[in-house]
Amino acid sequence: MTEDIRVRYAPSPTGHLHIGNARTAIFNWLFARHYNGKFIIRIEDTDSARNIADGEKSQLENLAWLGLDWDESPEKPGEYGPYRQSERNEQGIYQPFIDKLLTEGLAYKSYKTSEQLASEREAQQAAKQAPHYVYEYEGLTREEREAKYAEFEAKGLKPVVRFRVPEEKTYAWDDIVKGHIEIGAKEVGGDWVIQKADGMPTYNFAVVVDDHMMKISHVLRGDDHVSNTPKQMMIFEALGWDIPQFGHMALIINGETGKKLSKRDENVLQFVEQYKALGYQPQAMVNFIGLLGWSPKGEDEIFSLEEFKQMFDETRLSKANAKFDQKKLEWINNQWMRRDLEEIMPQLIQELVTANLVSPADATAKADWLAQVIKVAGVEGISYTREIVDLVRQPFFELGDITDEMVAYLTSEEGRRVFDAWESAYIALPDDATAEDYLNAIRGIQNQLEIKGRNLWNPIRIATTHEVQGPNLPEMLVVLDKATVLQTMADVKSNYLN
RNA sequence: GGCGCUAUGGUCAAGUGGUUAAGACGUCGGCUUCUCAGGCCGAAAUCGAGGGUUCGACUCCCUCUAGCGCUACCA
């Protein structure tokens with residue numbers, strides 16, 4: 001690719017960063033960066049009713065969290081600003097093009113009310129016709145049409161501007177991911193609105209003006225935009241502009257319903273913020289998303305953004321929709337947590353603070369000890385940092401109840417012998433005994449008493465931790481405070497063994 | 001309904017006329033002789049269906065079926 005590559009991610013600030021949008025952003029970024037192009041962020045806020053106060057800020061923050069950067073955006077204007085469509089409209093950027101189409105007769109003003117439109121559509125449905133807009137000035141001269149305008153204006157009606165669709169044409173393009181696509185102009189449903197009654201351009205119109213003015217060379221977006229493409233091509237054509245390359249990526253779909261991930265699905269976490277809150281790593285999110293609908297050449301599965309950038313190849317984009325597989329995401333996150341354990345340790349400790357297991361002061365003062373506890377508890381078994389809390393809670397911060405089953409282990413004839421032997425062995429061991437020392441002590445008891453397996457280990461586990469399962473006992477003993485363990489053992493003894 | 005797109009195991013997928021049809025997640029089984037986690041080993045697909053083309057089709061063609069997407073003064 002020799003031309004200047006400029007791609008954009010153009011979200012509308014109607015909510016937080018959705019997984020599907022994040023994927024669009026990531027692939028656009030990858031495309032731009034792989035080919036040494038520019039990555040631009042433009043805010044498509046032409047629907048003021050749906051804009052959400054912090055939508056834009058939140059989306060950009062999450063994009064940055066994922067590790068993306070961009071060359072131009074609302075807060076980082078380049079030479080093609082502004083980068084918010086609402087501001088572009090205020091500056092009158094769209095109006096001249098609308099006027100041009102109007103004067104050239106390629107567009108016209110329409111005064112039909114939404115009620116009229118609805119009833120037209122209903123009638124068409126009833127007649128088993130595809131819904132389509134019916135041109136109301138058929139056969140009229142320009143003067144007659146303008147006279148109608150005046151008539152409607154006098155009634156106080158506000159017009160929309162509609163583009164006169166050249167219905168005989170067929171629009172075709174070679175899609176970067178799907179290959180050759182052709183759609184007849186008559187399939188777009190008739191003359192469509194390019195400017196709303198409130199003066200705002202519609203999405204399909206503003207996109208064209210902006211993509212042209214911002215010199216966007218490639219448009220990589222979701223499959224759901226395929227049918228918008230002919231509409232946009234008509235405008236490019238009517239305005240005499242070059243058409244960018246389009247690529248429509250398959251959608252991410254809900255595993256249960258098989259439908260496009262919708263913000264209304266509540267059975268799937270689908271905002272990157274939610275994953276962030278649970279303690280998913282940004283590298284893992286990127287890794288997972290990068291593998292949804294795209295596959296690398298080899299057999300590896302764990303990749304950083306940088307590696308994806310190096311490997312990126314738009315011909316390996318999948319044409320088929322992909323289901324969102326939470327389990328795989330969990331596995332990938334687990335891989336990243338293990339890989340970056342030292343880096344995420346502060347985050348793991350913070351989870352303990354959040355769960356009120358540790359005070360903020362202790363989180364700092366006892367950081368080394370907490371790190372040991374966390375390592376002993378085992379990050380290998382968790383999917384995201386939040387899960388460390390349940391692994392660590394008992395016996396490191398609280399002791400559980402002793403169940404009847406545990407009492408049985410403790411009070412059996414063998415259990416009592418093990419307890420006594422362990423008690424004296426433990427007391428005899430130095431405060432800085434290693435895991436190996438503890439293991440040797442237990443092995444010693446095994447040989448001396450000729451008791452092994454659960455009958456050996458469980459009484460000791462119960463006496464020291466009130467648990468019958470958990471991480472390796474010798475390792476836990478290293479981390480556990482000796483005075484506390486001694487107290488626990490004394491309590492167990494007086495409650496169950498006397 | 002119309003138009004468009006898609007179709008390899010539960011999931012993500014490699015594969016571009018001749019392969020034992022990769023790999024990963026998940027699942028199941030075994031081992032790792034205290035448990036959990038982890039690790040290691042192993043198991044599971046008549047490539048949506050039916051027709052062609054071909055010596056030979058997952059791979060090429062046709063038909064069908066299914067799924068998804070769009071069908072707004074939303075983006």
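Residue numbering restarts at 1 for every chain, and letters A, B, ... go by the order of the sequence lines.
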Under 4.0 Å between a side-chain nitrogen and a carboxylate oxygen: does that hold for [X] and [Y]?
{"X": "A:Glu436", "Y": "A:Arg443", "result": "no"}
{"X": "A:Glu351", "Y": "A:Arg386", "result": "yes"}
{"X": "A:Arg393", "Y": "A:Asp390", "result": "yes"}

Do A:Val160 and A:Thr202 come close enough that some side-chain heavy atom pair is under 4.5 Å? no

Got a sec? Which of [range] come in under 4.0 Å of RNA chain B, heavy atoms?
{"range": "residues 225-236 of chain A", "answer": "A:His225, A:Val226, A:Ser227, A:Asn228"}
{"range": "residues 162-178 of chain A", "answer": "A:Arg162, A:Lys178"}
{"range": "residues 388-411 of chain A", "answer": "none"}

Take atom [atom1] in [N] and the same atom in [M], then report the distance between them in whole Å.
{"N": "B:G52", "M": "B:U59", "atom1": "C1'", "result": "15 Å"}
{"N": "B:G38", "M": "B:A57", "atom1": "C1'", "result": "44 Å"}
{"N": "B:A22", "M": "B:U65", "atom1": "P", "result": "33 Å"}
{"N": "B:A21", "M": "B:C25", "atom1": "P", "result": "22 Å"}

Is the shortest side-chain N/O distance from A:Lys319 to OP1 or OP2 of B:G4 below 4.0 Å?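 Negative; the distance criterion is not met.
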
Are any of A:Thr46's side-chain N or O atoms less than 4.0 Å away from OP1 or OP2 of B:A75?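 Yes, such a contact exists.
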
Please say whether more than 12 non-hydrogen atoms of neighbouring residues, nucleotides or ligands are located less than 6.0 Å from CD in A:Glu168.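 Correct, the count exceeds 12.
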
Counting primed atoms, P, OP1 and OP2 as sugar-phosphate and everything else as base, the B/S/- map of nucleotides 19-31 of chain B against protein heavy atoms under 4.0 Å is ---SBBBS-----

Give the B/S/- string for nucleotides 61-67 of chain B, one per nucleotide from 5' to 3', where a protein heavy atom under 4.0 Å of the base yields B, of only the sugar-phosphate yields S, and otherwise -. -------

Measure [atom1]/[X] against [atom2]/[N] and give the value in whole Å, please.
{"X": "A:Leu291", "N": "B:A13", "atom1": "CG", "atom2": "P", "answer": "9 Å"}
{"X": "A:Phe288", "N": "B:C12", "atom1": "CZ", "atom2": "P", "answer": "10 Å"}
{"X": "A:Glu330", "N": "B:A37", "atom1": "CD", "atom2": "P", "answer": "15 Å"}
{"X": "A:Arg316", "N": "B:C12", "atom1": "CZ", "atom2": "P", "answer": "17 Å"}
{"X": "A:Met476", "N": "B:A37", "atom1": "CE", "atom2": "C1'", "answer": "12 Å"}
{"X": "A:Glu380", "N": "B:G38", "atom1": "CD", "atom2": "C1'", "answer": "6 Å"}
{"X": "A:Leu317", "N": "B:A14", "atom1": "CG", "atom2": "C1'", "answer": "15 Å"}
{"X": "A:Leu251", "N": "B:C70", "atom1": "CG", "atom2": "P", "answer": "8 Å"}

I want to verify a distance call: between [options], whose nearest atom is closest to the [X] side chain?
{"X": "A:Arg338", "options": "B:A75, B:G39, B:C12", "answer": "B:G39"}
{"X": "A:Leu292", "options": "B:C70, B:U6, B:C12", "answer": "B:C12"}
{"X": "A:Ile183", "options": "B:G15, B:C3, B:C5", "answer": "B:C3"}
{"X": "A:Ala320", "options": "B:A13, B:C74, B:U6", "answer": "B:U6"}
{"X": "A:Arg121", "options": "B:C70, B:C5, B:C73", "answer": "B:C73"}

Check whether any side-chain N or O of A:Asn89 sits under 3.5 Å from a backbone N or O of A:Ser86 as a donor-acceptor pair, and report yes or no.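 Answer holds: no.
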
Could you check whether any side-chain N or O of A:Asn287 sits under 3.5 Å from a backbone N or O of A:Glu301, counting only pairs where one atom can act as donor and the other as acceptor? yes

Considering heavy-atom distances to RNA chain B, does A:Glu44 or A:Gly381 have its closest nucleotide positioned more toward the 5' end?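 Nearest-nucleotide comparison on RNA chain B picks A:Gly381.
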
Could you check A:Pro296 against A:Leu117 and say which one's nearest nucleotide on RNA chain B is further toward the 5' end? A:Pro296

For nucleotides 32-36 of chain B, which of its nitrogen or oxygen atoms have a protein nitrogen or oxygen under 3.5 Å away, and what is each distance?
unit_1, atom_1, unit_2, atom_2, d
B:C34, O2, A:Arg461, NE, 2.8
B:C34, N3, A:Arg461, NH2, 3.3
B:U35, O2, A:Gly470, N, 2.5
B:U35, O2, A:Gly470, O, 2.9
B:U35, N3, A:Arg461, NH2, 2.8
B:U35, N3, A:Gly470, O, 2.6
B:U35, O4, A:Arg461, NH2, 3.4
B:U35, O4, A:Asn472, OD1, 3.0
B:C36, N3, A:Gly470, O, 3.4

Validation row, ring centre A:Phe205 to ring centre A:Phe97 under 6.0 Å: no

Aromatic ring centroids of A:Phe324 and A:Phe288 under 6.0 Å?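 Centroid separation for A:Phe324 and A:Phe288: below 6.0 Å.
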
Just to be sure I understand the rule, does A:Val193 reach a base, reach only the sugar-phosphate, or reach nothing, if contact means heavy atoms closer than 4.0 Å?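 Sugar-phosphate contact only - A:Val193 comes under 4.0 Å of backbone atoms but never of a base.
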
A:Tyr108 ring centre to A:Lys148 NZ or CZ under 6.0 Å, with the angle to the axis within 45°? no

Against the six-membered ring of A:Tyr409, is A:Arg454 placed for a cation-pi contact (under 6.0 Å from the centre, within 45° of the normal)?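 No.
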
Could you go through the side chain to side chain donor-acceptor pair (under 3.5 Å) check for A:Glu120 and A:Tyr133 one step at a time? CA-CA 8 Å; A:Glu120 272 181 23; A:Tyr133 186 78; over 6 Å; no

Among A:Asp45, A:Thr46, A:Asp210, whose side chain to side chain donor-acceptor pair (under 3.5 Å) with A:Arg88 holds? A:Asp210

Base partner of B:G4, which must satisfy Watson-Crick or wobble distances under 3.5 Å: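 Paired with B:G4, as far as the under-3.5 Å criterion goes, is B:C68.
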
